[in-house]
Each structure stands twice: as structure tokens, then as C-alpha cells.
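Heads up, the thing below is written out as C-alpha cells.
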Amino acid sequence: MEASRTTRILMGSSVRACVLDVRARVLDVRARLVTVHARRPTVLARSIFVFACTLVPCAVAAQDESAAAPGSVWDGVFTEAQAARGRLTYAGACGLCHGRRLNGAPDDPDMVSTPPLARARFLREWEGRSLGALLAYTRLTMPEDNPGSLTDAEYVDVIAYMLSVSRMPAGDGELPADARRLADIVIQGEQ
Amino acid sequence: MSLGGGDPVQVRDRKGESDKEGLITAEPTEAPEELDDSVDLLFTDLTDWSVVDRKAQSPYRYNEPELARSWAENSPATRQFLIDNYVRFTRVSGTHGGGGLSRARGARCFLMLGDRTDIKAGTITAEDAGVADPERTSAFAPQQMNNVSRSVAPGAVSNGVALARPLEFSAREKGVEFMLHRRFADLVREQPFAGRVVGIRAHYSPRHHPETGELLRSYWQNGNVDERRETVTIRARRGVILASGGHAGNPQVRSMFYPAMREPAFPTSGVALQGPHGQDASALVAGLRVGANLAGMQQNLSYPTTFHISTRLGTRDAYTTMMPGHPTFGFRGSAGVNVGSAGFEEFIAVNQVGKRFFNEVRLPVRPPGNRYPGDGASPGRGLDHKPRDWRNCRKQWVREMYDYDHGLDAALAINEGSKPPEYYSGPLWAIFDQEAVERTGWELRFPYVADNGYFFQADTIEELAGKIAAGHEFQRVPLRHLAETVVKWNGYVDAGKDPDFEREADAPLNRIDRPPFYALSILVVWHDSYGGLRVNGRQQVVDMQGEVIPGLYAGGEAVGGFNKHGLGKGHVHGYIAGTHAAGEPPA
Ligand SMILES: Cc1cc2nc3c(=O)[nH]c(=O)nc-3n(C[C@H](O)[C@H](O)[C@H](O)COP(=O)(O)OP(=O)(O)OC[C@H]3O[C@@H](n4cnc5c(N)ncnc54)[C@H](O)[C@@H]3O)c2cc1C
């Protein structure tokens, strides 16, 4: 049950690559928990990690073939109000490590750099993957010291804010806090 | 600030309680078992010979056991002392560097945003916290405070201000006197190398506002002693406690550890605030003059922030985030552009003769922290850590987790412009074009950059090289290879291959060909110090014969033999030294 839900979360143009990539990124993030302000993943995070790793084969096997045609992050997929909400959530939950410019330069100078969450480098690293995959990854791994501690709506608001900083246009409808529907929206660096 | 040993904040979070004032509404971040700490476990961690970092250096192996024991025993009481003096702590989250791997021991200090700044109530205005305007810093807080709502409650802000100001407020409230504008130079001992230390000699050394020339004053004035004689000698009835910080700003002392760091082009962190004498090894130098011994002198080499390449470009004060509004901003002139590690793929980095010297993308990566087998990171998941276990440093494990790029060392290496006898490596420059500015959105305007010798702009590369050579205080030679370096680089971009440093493996290559062209300074920063005066478990300074120097105490970055980062180290040392010095019979 849980596996097929995650399957949909992770589905996109290339489900296998996507799932493995999420896993690789979890590992990568864990490898980055370094030095001065390194965080201690909680017991919850650990069990999520184990869950994510064991889930991979079923997720690949159970992919849903009936996905709708993918849209793009350039299609006005969030609203300005949602991005504004996301900005506030970001400041409290993400900004300390990822920086107020979302460029991976932490607000606290004692902390090491982190991956950027907007603009060219972010888009390059996530090119071709879906917002569903991004939500799944973020929920599994972030905030680093307490993964999964935001609500889905808050995670999605933050994603809307990240897209707005990357200069994607806002539209009339909000990004849904529904991983299945987000799986239909593909991240593309260029329109 | 990381303490531990079963300190009151660990206990509070373990029980899932709020703070006494009820400011914290957030749930604990750490699981209760991660907070189940003891003095013995903390001591075990701090003397763990087996742990290595990803540079294969051992952080705890060379710690003095007596110092570690005393620090562990006094950590819980120090946390309580701080709480009793208006310091508020967030939920515990992870552990600050050097604080051991086995448990979560770190908590930040916070204040709540409010209508007025009131230390007793725990509130601060948005203006004082520096969060009202992203381009202003206040006189109250030299660095803009960070949002820590998630580990306290909405409106919580944090940084060292929430520690230093409450302690200062409390000290002034209790009648402590402050003699400012004074630089201590010498200790007075009964005989040059024998007897008690009975006082200090200090010189008048005021700082003036760089633009207005006004005398810089402390934010609060109550308790200040207005004393302007050139030299004063102060008698110490019970003892002298040296707490003047480390040697990170003294190139001569630094070169004991790393000869290339004699290069004065590279500062310590917080230079605008600390002034020209900041972290100048005052305590170490004065201590040596009366016969003190040193300890832990190699430990600078096993801490990741000791020296590193900052991602904040275009300012000499490359570690800190100060904006206009703080009276010392003028000493830096620009806030700098913090490009993060990711920003290093947008330019080429060149040395003082204009040559590339390393893969730029790997340049700012700091040597990562301590690891133990089975651990995804460190400090992390402490419950799985087995202290003092030989497997923690067996070579198979080291091979697996080693992760250090040596970019910093390439930056410090001698080059064609290095001249005897010092062979300075010289300044470093990020060179890029208008296209990069548009790609990244970097704001090349005041207050981020200024005409202060750390940022240059020109229509041609040749002109840019000339401006740097004429305008930067440490540029001793012309950047005579810069133009050919850019031509060569553009050729590499066109070919999609960087045969010199194989950068294509890490990031796309971008041509540098659209004027205007820009240069931002890249700074190596020596952040903090880990070698210094040898002290015993009472923080008394010990001489070359292993005897205590009576009446002389030291703590924080002034002392060696205890490889613990930052505030946790100094505050417990202060607590120990103060307690023992106060108990000395008055002279
Ligand atoms: C930007 C920044 C962020 C940091 N963030 C953290 C953090 O988040 N957590 C953490 O644990 N650590 C942090 N640190 C490190 C921490 O601040 C230092 O390790 C710690 O303050 C050292 O304490 P200390 O008492 O030994 O010396 P200092 O705090 O350096 O104090 C020395 C004092 O002595 C004065 N002084 C020096 N020489 C003389 C003299 N000759 N005569 C008279 N007075 C003199 C100086 O003016 C200064 O006031 C940070 C440091 C910086 C710069």
C-alpha cells in the first residue's frame, strides 16, 4: 500500500533513474552532514532512510503506466500567494542552511555550504525530474536535523517559493500538496 | 554552543519540557536517547584516540585528559550559570565540532522578536536583530540574527548576540566594571620566571570611526571606567585570567603551524569588528614571556574551520555578514557577495600572477568532520558510535571515507610571484564576465561590493589586471598571465575539456568574453585557534617545568590541548577559572 503510494510520488519520465537518484541523493546528503554544525538525523530520519532504501525495488516494479502527460514548471503551476507563504516557511525551516538567497550559502557563517535550491545549478541538478520526486526527496531528508517535520502543504509552499526565485511564472492555481499530481510536473531549466 | 554531560538543556529536552519562561513551544528535535548523556560519556568522547575526520586527522587523540575531565565535569554547571544570567537556549540539535560523537549536545542561544529590546524579558526588536532590512545591521548585533523559529517558536532569532549581550547585561547589572580602549601587553610577575603573577600592564588603544573619526564606544555604558592614561598597571589581588582569544590574526604566530599562513593577505574572521589587534596571540606572547608552556600546537591542523577558503567574495572580512549600520562596517567597506560553494563554478580563480591553480569547484570545500564506521555523517546518530574502538581508524575505513581536496593548500602554494625570503603566495581572484553576473544574479553594488580594493571592474582583461595590481593592498606583483589565462580558458570551454584541472567533470564550463569583466577577492580565512598556553584542570597556566604559575589563569582560544570549537570551550573555561580564582586568598 505504502509502496504504491510512493511509486506514484516518484513516477516521472524515467521512474527507475528517478528512484535511484533520490536514493543516491539521500546518501549524498548524509555524506554532506559534515563539520561544524553537522546535524544529527533523528531516529525517525533513520527509519525513513531504511524504509526508502528497502522500498526501491517495489517502487520500480509497481510503476503506474497511466500517468497523465507531464506538464512543466514553466506552466504557471503555483500562485504568488503560495510562494509568499513558502518564503516564510523557508526562512524558518531551510534558510539557516541554504541561505536567504537560496544559493547554498548559509546565513550562519559557521556552517558549510549546502546545495542551492534555486536558479541554474539547482535546475541543472534536477533537470527532467518531477516535482513529485522533489517533494519525496525533501520530505525524506529535510530539514536535515528533523526530516519530515513539516506538513506536506508546507513542503509544497517551499517548492513554490523555490520556483519563484528561479523565475518561473506564477499562475492561477496552487501547487497541490499531493505527490501524485506533482509527479506530472517536470522540472526544466529552460522554457 | 555545545556542552553536554547531562546538562540542563539536554535534560529539559529529554523530558520534552519547555523552558522556564515558556518561550519554547517547538517539540524537541532529538530523540530522548540521543540526549541521555553523562559526564563520563562526555569525557570518554573528548579523549577518544580512535576517531578520525575525513582528512584522516584525529581530533581528540591529542587532548589533555585533565582538561577534558574538568571541562566535562563543569559543562552542566556552566549551562545552568548561563541560563541564570539571561541566556536562553533552543532545542538541542546535533553537536558542535569537537563536542564528541556519542550524544546530541549543541543548542543555539535565542531571543524573541518583540516591540522592544529587553534582555530580562528575552525580547529584541527587528531593527536591533538586523532582520528588519536585509541590507542593514544594527549597532546592537554586529551580525544579522538568524531565524530559529523551528527549534523554539515563531519569532525566535539566534546568533552570538543572544549569548554575549545577555551576559554583558547581567555583568553590568551586577556591578562589573569595564575598562575599554585598552590593550594588555604584559603580565607582571614577582620575578621574571618565578613567583606570583600580580598584575598586568595595558596601553590606551582607542578605535575611531573610520569615516567620522569619532571615538567608538560600547553600546551600553554603565559600569565603564573612563581611564585614558597611556599605560596603566593593574594589580590583581586574586589572579589574572587571560581570555584574549587566539592567534588566528597573527601571521607570525600562525606560521608556526603552517608557514604559508605567514601571508598577511589572509585575515582571521571578524576583522572589522575585532580591529587590527584581534586574535593577535596577546595571551600566548605574554604568557611565554613569564615562562609559560604551550600545548596542542598541532591541533590547528585537525579542525575543519581553522583555515578554509571563504565563499564570501569581495571583502576582507570574508567570514562575517555585517552590513552598514554597525559602527565598524567602515573598516570593511563592503559586505561581500556570498556565492556559496556552488558559485565557484561561475568563474576562474587565479593567483597573484593571474594563473589558475586548482579546480575552482573544489576550492571552497572544507575538509569534512569526524566520521565513524557505519555512520552516514558526523556527529550523527551517536547511539551507534563505539568510542575508543580501533575500527574507527583502521585503514580500510580511512580509505573509504577520506574526502579532502587540498584546494586550500594549492591556494597557499608558492608561485611565480613568490619572492624570497617570505615567498608569499599572494592574493587570489575570482575572474568572470557580465554573462556570469546575469547567470547568477549576483548583486555587484553597494553594500555588497565597494571601491575598497577587493572588487574591480574593467572593459578588458588587461585593464582589469592593471586595476587589481594598482588597487589591492597585498598585490605585490602584476597579474602578468591573466590575459593569456583567460584566452586559454576560453579555448578549454570551446573544447569542453579542462586538461589542467579536469573541471568539466564537476560543472559546465563557461566562456569569459562578455565585458565588463570583474574581479572579486577570494580569501583564505584562519577562523579559530587550537594551540596555546598549557593549563591544568583548574585553568591555571603551567610553566616549562610542569609547575603552576601562581595567580595566572587562561581559557578559550588562548589555551591549547583541548580541540573543541568555539563558545563551549571558552565559557566552561571561564566558569572554571573564575570559580578557582575567586577562591584564591587575596594578595
Ligand atoms: C563570525 C563568527 C561566528 C562564530 N560562530 C560560532 C558559533 O556559532 N558557535 C561557536 O561555538 N563558536 C562560534 N564562533 C567561534 C567563537 O566565537 C570563538 O571561538 C570564541 O568567541 C572564542 O572565545 P574567547 O573567549 O577565547 O576569545 P574571544 O571571544 O575572541 O574574546 C577575546 C576578547 O579579548 C579581547 N582582546 C584581545 N586581545 C586583547 C588585548 N591584548 N588586551 C585587551 N583585550 C584583548 C578581544 O577584543 C575580545 O573581546 C564564531 C566566531 C566568529 C568570528
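Per chain, numbering begins at 1; letters A, B, ... match sequence-line order.
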Go through the steps for B:R150 and A:S149 under the test side chain to side chain contact (heavy atoms under 4.5 Å, CB included), then give the verdict.
-> CA-CA 10 Å; B:R150 219 168 38 81; A:S149 58; 4.0 Å; yes
Begin from the C-alpha positions of B:E346 and A:R121 and carry the test salt bridge (Lys or Arg N to Asp or Glu O under 4.0 Å) through to its verdict.
-> CA-CA 10 Å; B:E346 306 293 351; A:R121 167 79 170 262; over 6 Å; no
Check step by step if side chain to side chain contact (heavy atoms under 4.5 Å, CB included) holds for A:L96 and B:R108.
-> CA-CA 12 Å; A:L96 193 65; B:R108 291 168 181 272; 3.6 Å; yes
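The environment of CZ in A:R181 is sparse: at most 12 heavy-atom neighbours from other residues, nucleotides or ligands sit within 6.0 Å. Heavy atoms of other residues, nucleotides or ligands lying less than 6.0 angstrom from CZ of A:R167 number 12 at most. Heavy-atom neighbours of A:E80 CD from other residues, nucleotides or ligands within 6.0 Å: at or below the threshold of 12. Environment of CD in A:E190: sparse, with no more than 12 heavy atoms of neighbouring residues, nucleotides or ligands closer than 6.0 Å. Other residues, nucleotides and ligands contribute only 12 or fewer heavy atoms inside 6.0 Å of the CD atom of B:E27.
Only the side chain of B:E345 comes within contact range of chain A, with heavy atoms under 4.5 Å apart. Interface residue A:P143: only side-chain heavy atoms are found under 4.5 Å from chain B. Of the two parts of B:A156, neither the backbone nor the side chain holds a non-hydrogen atom closer than 4.5 Å to a non-hydrogen atom of chain A. Heavy atoms closer than 4.5 Å to chain A are found nowhere in B:S269, neither backbone nor side chain. With a threshold of 4.5 angstrom between heavy atoms, B:H527 approaches chain A through side-chain atoms but not through N, CA, C or O.
Chain A forms the most heavy-atom pairs under 4.5 Å with one residue out of B:P508, B:P134, B:S151, and that residue is B:P508. Ranked by heavy-atom pairs under 4.5 Å with chain B, the first of A:P106, A:G92, A:G104 is A:G92.
Closest non-hydrogen pair, B:A342 versus A:P116, comes out as CB-CG, 3.2 Å. Pairing each heavy atom of A:V112 with each of B:R366, the nearest pair is CG1-CD, 3.8 Å. Across A:R100 and B:M145, no two heavy atoms sit closer than the pair NH2-O, 4.3 Å.
A donor-acceptor pair under 3.5 Å is formed between the side chain of A:N103 and the backbone N or O of B:N338.
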